[in-house]
Amino acid sequence: MEAATPQKFTDEEVRALALRMRNEISVKNRRYHFSVYEKCFVGERAVKWLSQSCALDGPEAVKLGNRMLFLGLLHHVTHEHVFRDAYFFYRFSLDDSKDSSDDSSEQQGHKQDCQSDWSISREVVNLKQQIYELTHQLKDRSTQVEELTEQLENREQQGQLNIEFLNNEIQNAQHTFSAEIRRLDTVTKELSLSLQLSRFGLLMCAVLDAGFGIQLWKGLAALMFCVIPLLPPQLQRGSLPTTSSTQETSNQFPPDERRSFKEKGIALLDRCRQIQRKRSSAAERLITTPVQPPVRLRVCRFASAMRLEGDREALQLNDGIPIPFETDVFKGKFVAYVAGLENSPAHIFEGKKRKTHLIFQGQFKRELAYSEVFTGHEFHRPLKHLPPNFLIEAVLKIFRKISPSVQISGLHSENPRALFQMAASSQAMCISENFDSAPDCTRHFEEDVRLAGPLFRDSAGLALPAWKRRRLLTSQSTSAKFKFDPDLVYTFAQWQDALDVTTFKLNAGIKSFDIHRILDGQPVPVMARAADGSYLWYFELWHAKCSETPN
């Protein structure tokens, strides 16, 4: 018989097929659990016969057997099961009567009852399946509602924190504005005094030209120096009398004395103008001098074996230019981006909450297992002024969210540390055959670690997403099976949104607090190390609050 599906058989063909199967398969009395079932056959043997006779696979043969069951041609010996590919006993309806040739009305009624019972059973099964599906849908919807509620609460808390932050910024801006207004008033008063002194010089010249005696001029000069702020506005503006009598009376003084006094007055005016120009240039320098950023990047003083070109104390941030470096374990380049500065690139931080974005690219100099390479933070002085335990737990929760494999130890010791397996904690990772095929380390790149092995490929041969790679390598036994190959190029991207290095404040979810006092003036380390203690790299993010010595 040609291959067909159960739906293509007519009812007559199904009845004929059932009669043929009744004649060819083993129908006999069978025993099960001390009970004897007369004239029955085994379901799995019937499925095998249907598959061979009708060229059907197993599931299609089961569907054809259930069609025979729903037509009343066969049934389970206890009417408890539908037709299945299992060791269940079934009986043909023709074998229900002791006399198989007796096609009486009782036999027909029995067939109709069987068919009706199975129809009801089928409906009950369908209803149970629908109830089961609806129950799971209800659970899924409840879970979604809980997640949305939690997200809403988190956003509400974040909104309140943002409002408090903006209020503080507004208050700081108001204080700064008030201070600038007071400084402007002081500068205005100084300039007013300079103008008054210049007018004083003009008055001295006018007095000289008016022809008064020397002693009278000295007394008048002292008087005018004291009362010049009280003079009428028109006199303060330098509205001096110029009459013909002035020129006549000025001739009473000898020419040498008149020239000497006049030169002194002109010198006094020049001095006032010089003071005014110096103050103006100082104000311009104050306005145009660029503000130095509060954050700088440098090589850690404990990483003496780390080699790189340029100033080790002031490496560039946010310029997008890779910094080449080399250690005994790793050789590559490094790019650091920090949010909140004037030159923070939009293509890295726009639309994202992250505060820092670090990218490392290079080759290992020796083979190391994934489980032997760590990144994180190491401090060389004990922590101080630790917050309450519930806040510490909140911070640890943030770190465990970033990397489930986090290992935090020695919070109250001389060398506190928080280490993560680098392959399991990096937000993005890429393995390339060489630098030409490696991604651009100055921009965001796509996850691709297929060169590590088949475990990191999906069924279509594509790269697994980053979250699956991190979940796989969280297991210590799994990460120990893979090793960093010195012949390949590795690119790691690490970012975080908890610590704002421009303000040195850590967002613990429920509260933000300044970590300067906790770190005792220490910078934020950016490091990676092997299990034997050798460093792959060791940089430090310094803030203006940091210091070399303990506070």
Side-chain angles (χ1 to χ4, degrees), residues 3 5 56-60 136 140 143-144 147 320 322 329-335 337 347-354 357-376 400-406 420-497 528 530-531 536-537:
T5 59
L56 299 174
D57 56 11
E60 295 293 334
H136 276 273
D140 293 340
T143 303
Q144 293 177 0
E147 292 177 353
V329 186
F330 191 85
K331 180 179 180 180
K333 47 191 175 181
F334 166 52
V335 182
Y337 297 107
H347 69 89
I348 295 293
F349 297 106
E350 186 174 8
K352 300 177 180 64
K353 296 181 179 179
R354 64 189 64 167
H357 188 105
L358 311 175
I359 304 175
F360 301 88
Q361 186 179 83
Q363 291 179 304
F364 288 81
K365 292 187 175 181
R366 54 187 170 92
E367 194 175 70
L368 292 171
Y370 284 8
S371 59
E372 296 177 339
V373 180
F374 301 90
T375 183
R400 293 191 180 101
K401 184 178 180 182
I402 297 174
S403 175
S405 59
V406 61
F420 322 84
Q421 288 186 14
M422 188 162 67
S425 62
S426 296
Q427 278 73 14
M429 180 176 170
C430 183
I431 306 177
S432 310
E433 294 181 350
N434 49 51
F435 281 100
D436 293 335
S437 60
D440 184 2
C441 65
T442 63
R443 307 183 68 86
H444 180 72
F445 59 88
E446 297 296 331
E447 173 87 7
D448 189 354
V449 292
R450 287 177 291 181
L451 293 179
L455 183 63
F456 301 99
R457 306 171 191 162
D458 60 12
S459 58
L462 301 177
L464 291 180
W467 68 268
K468 285 190 177 181
R469 181 254 309 163
R470 292 196 295 269
R471 186 176 65 180
L472 289 172
L473 296 179
T474 300
S475 171
Q476 183 74 15
S477 59
T478 303
S479 61
K481 297 178 182 178
F482 298 93
K483 295 184 178 181
F484 291 107
D485 190 345
D487 295 330
L488 299 177
V489 176
Y490 293 84
T491 308
F492 305 94
Q494 301 171 355
W495 60 78
Q496 55 84 29
D497 58 0
L536 281 72
W537 56 77

Atom of Q476, atom of S371 and distance for their closest heavy-atom approach: NE2-CB, 3.4 Å
Minimum heavy-atom distance C441-K333, with the two atoms named: SG-CE, 3.9 Å
Separation between OH of Y337 and OG1 of T442, rounded to the nearest 0.5 Å: 5.0 Å
is_close_aromatic(F374, F420), centroid dist under 6.0 Å: no
Closest contact, heavy atoms only, S426 versus Q494: OG-NE2, 3.6 Å
Main-chain N/O of L472 paired to S475 side chain as donor or acceptor, under 3.5 Å: no
Atom pair CD (E447) and NZ (K468), whose distance is rounded to the nearest 0.5 Å: 12.0 Å
Spacing of L536 atom CG and K365 atom NZ [to the nearest 0.5 Å]: 10.5 Å
Within-4.5 Å side-chain heavy-atom neighbours: I359 and F445: yes
Residues, nucleotides or ligands: over 12 heavy atoms within 6.0 Å of K352 NZ: yes
E433 atom CD, neighbour heavy-atom count above 12 within 6.0 Å: no
Residues, nucleotides or ligands: over 12 heavy atoms within 6.0 Å of R354 CZ: yes
Exercise: do T143 and D140 side chains pair donor with acceptor under 3.5 Å: no
R457 side chain to R450 backbone, donor-acceptor under 3.5 Å: yes
Closest non-hydrogen atom pair, P322 against V335: CA-CG2, 3.6 Å
Chi angles and distances behind the side-chain contact (heavy atoms from CB on, under 4.5 Å) call for M422, M429: CA-CA 10 Å; M422 188 162 67; M429 180 176 170; over 6 Å; no
Y490 side chain to D485 backbone, donor-acceptor under 3.5 Å: yes
is_close_aromatic(W537, F360), centroid dist under 6.0 Å: yes
Minimum side-chain heavy-atom gap T478-L455 below 4.5 Å: yes
CG-CG distance between D448 and L464, expressed to the nearest 0.5 angstrom: 10.0 Å
A369 backbone acceptor or donor facing E372 side chain under 3.5 Å: yes
Sub-4.5 Å side-chain heavy-atom contact between L368 and F330: no
For the student: nearest non-hydrogen atoms of L462 and D458, plus distance: N-OD1, 2.6 Å
For Q427 against R470, the heavy-atom pair lying closest together: O-NH1, 3.2 Å
For E367, salt bridge (charged side-chain N to carboxylate O under 4.0 Å, His left out) partners two or more places apart: K483
Minimum side-chain heavy-atom gap S432-Q361 below 4.5 Å: no
For F492, ring-ring contact (aromatic ring centres under 6.0 Å, His included) partners two or more places apart: none
Donor-acceptor contact present, side-chain R469 to main-chain A463, <3.5 Å: no
